[in-house]
Amino acid sequence: MGQRIQGTEDLYGGYMRSWEHMQDVARHLFGTYGFDRIETPALEQVDTFVHGIGESTDVVRKEMFRVFSGALLDDLLAAGNESGLKPRQRMAMRPEGTAGVVRAAVEHNFVPQGGTPAKLWYAEAMFRGERPQKGRLRQFHQVGVEWLGASDPAADAESIIMLMKFYEQMGFSPANMKLMINSMGDAECRPAYREKVKQFILDHKDQMCEDCLERAEINPLRAFDCKNEGCHAVMKDAPLISDNLCDDCRTHYEQVKAYLDAAGILYIEDPTLVRGLDYYTRTVFEVEIPNAGVGAIGGGGRYDGLVELEGGKPTPGVGFAVGFERIMLALEALGVSAEPAAPSCVYVACAGAEQAPVVFDAVLALREAGIRCEADRTGRSLKAQFKQADKMGAALCVVIGPDEVEAGVVTLRDMESHEQVQVPSDQLVAEVKARQ
Ligand code: HAM
């Protein structure tokens, strides 16, 4: 028997309804902020992610699922390495949405120079080769937004406000959420800060783990996220970006905070918040549900250099993504039900084979009127049909037997009260609609 791959999930039943609900919330809410939906391919050239997310990130170095056709894989194994591959033959499943959306924006020129910003949202599966555990999957689902062409701190603030509204509409209360923000500086001030952190790590190299020593060379800021307790303790004294921002970045950050204050959004400044993707500049943010034990339920930030890295003209950008599976786990931990009820349904029961054509017509008429309905197609007894109607959660059952056909009526049975009334066949649709 085939089995799904560890760290992947089948979405069905109530869980699927929850995923659809999340997309509905996104469509309505993000729509009011002027965002339109986009879908980019799950497969992209490796270079799109290397340029955007950064060669030194864990996501690119360790977690990206690479894809080869069978024929290409044979050639590759024979050659022993991939140096002969053309860029278009080097493919990967997307580990996140931003790089692909920015690639599409460059390819289709969504933001012509000086043009109107592009505001896009997506709801898609992402793929990361991580060790599966609670809230950490290899295929998971994100809802995200990317706002290209706006450098104003109001855009950062609006994105964060929209994110917090999104969580509220999904069932979280502001009191349960912890929003952390930081500024990571820009090309002006970050390089010198990176050097400082690198030097700090090297000055404490006896107390740091092997991974952090490697990070010092390729991505020193990631040492702030090291899970090793020794490193964590050392990094508490490391230089902070908040003390190393240039004037422009500081002013931008102050303005973002002023907008958040004005909107009454509660946040915690965390100068060690660095995020795991290299493209961020200035504002970054993450949301957690304390004690839910699932990690961040979403995060994002500004990425003013990314469009250029993907081959476009300099264009600022800001966005975020939330993780569907983690949101579901966090709501569950809080005891909030996030599963929309199954849609109500009308069951049309057939007393005997002779009434089958009448039942057939009734079902068609109900569906034509947009009413979800079901009928038996397996030759069950009337009793078994009632049982099935109950199991399906039908609120109403239409019973059609010889007496009904003779009298030109149908029997309507309320499945909860078991009350029965007869209505003329030609008024069935109107009567069912009136009861819904
Ligand atoms: P990220 O922080 O890597 O950011 O992912 C966003 C969210 O996706 C996380 O907060 C988490 O809820 C969920 N997530 C990430 N990895 C996993 C996993 N392995 N299993 C389950 N859920 C996961 C980004 O992806 C950026 N593209 C966000 C962004 C958009 N920044 C700017 N624009």
Side-chain angles (χ1 to χ4, degrees), residues 5-9 11 19 22 26 30 35 38 40 44 48-49 52-54 57-60 62-65 93-103 105 118-148 150 155-156 159-160 162-163 166-167 170 172 177-181 184 222 225 273-289 292-307 309-310 316-331:
I5 290 169
Q6 224 198 344
T8 67
E9 283 178 346
L11 268 59
W19 173 227
M22 185 180 275
F30 301 166
F35 286 78
I38 184 171
T40 59
E44 292 271 357
T48 297
F49 303 121
I53 300 169
T57 56
D58 281 354
V59 171
V60 164
K62 303 179 186 164
E63 295 165 6
M64 212 160 55
F65 281 113
M93 305 292 288
R94 62 169 168 238
E96 58 100 56
T98 313
V101 169
V102 169
R103 190 269 312 139
K119 298 169 84 170
L120 304 158
W121 74 273
Y122 48 88
E124 290 167 346
M126 306 291 163
F127 307 86
R128 294 187 194 177
E130 302 200 76
R131 204 159 55 85
Q133 50 185 290
K134 188 180 168 195
R136 197 169 290 283
L137 295 162
R138 290 176 169 173
Q139 176 172 348
F140 57 99
H141 297 81
Q142 280 187 349
V143 164
V145 308
E146 311 299 347
W147 183 345
L148 302 170
D156 309 49
S159 301
I160 294 173
M162 186 168 84
L163 172 66
F166 175 81
Y167 288 130
M170 284 304 298
F172 294 99
M177 295 187 273
K178 189 169 147 198
L179 164 67
M180 286 154 301
I181 64 166
M184 293 194 60
R222 295 299 302 156
D225 276 349
L273 178 67
V274 290
R275 310 267 302 132
L277 311 159
D278 271 1
Y279 48 61
Y280 290 112
T281 52
R282 296 192 166 169
T283 319
V284 286
F285 47 92
E286 243 169 47
V287 179
E288 268 178 25
I289 305 299
V294 296
I297 57 167
R302 177 163 282 288
Y303 45 82
D304 290 344
L306 181 56
V307 177
L309 288 172
E310 296 290 0
V318 60
F320 63 74
V322 305
F324 163 68
E325 291 80 1
R326 287 195 193 177
I327 286 179
M328 287 298 116
L329 287 169
L331 285 172

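The figures that follow rest on heavy atoms only: side chains count, while hydrogens, waters and symmetry mates do not. Just follow the structure's listing: the first ligand is 1, and inside any ligand the first atom is 1.
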Given [options], which one has a non-hydrogen atom that is nearest to [atom]?
atom	options	result
atom 29 (C) of ligand 1	Tyr303, Phe285, Tyr280, Phe127	Tyr280
atom 19 (N) of ligand 1	Glu9, Glu130, Arg138, Arg136	Glu130
atom 4 (O) of ligand 1	Glu288, Arg275, Glu96	Arg275
atom 6 (C) of ligand 1	Lys134, Gln139, Met126, Gln142	Gln142
atom 24 (C) of ligand 1	Val322, Val287, Leu277	Leu277

- Item | Check: Arg275 main-chain N/O paired with Arg222 side-chain donor or acceptor under 3.5 Å | yes
- Task: Return yes if some donor-acceptor pair links the side-chain N/O of Glu325 with the main-chain N/O of Arg136 below 3.5 Å, else return no.
- Result: no
- Task: Would you mind checking which non-hydrogen protein atom is closest to atom 14 (N) of ligand 1, with the distance to 0.1 Å?
- Result: Phe140 CE1, 3.5 Å
Would you mind running through ligand 1 and noting each atom that sits below 4.0 Å from a heavy atom of [X]?
X	value
Gly299	10 (O), 28 (C)
Gly300	31 (N)
Gly298	10 (O), 12 (O)

Check whether any N or O atom of [X], backbone or side chain, sits under 3.5 Å from an N or O atom of ligand 1, and answer yes or no.
X	result
Ala296	yes
Thr98	yes
Tyr279	yes

- How does Phe320 reach ligand 1, if at all, at less than 4.0 Å between non-hydrogen atoms: by side chain, backbone, both, or neither? backbone
- Item | Part of Glu146 with heavy atoms under 4.0 Å of ligand 1, whether side chain, backbone, both or neither | side chain
- Query: So, Thr98 and Tyr303: side-chain donor and acceptor under 3.5 Å apart, yes or no?
  - Reply: no
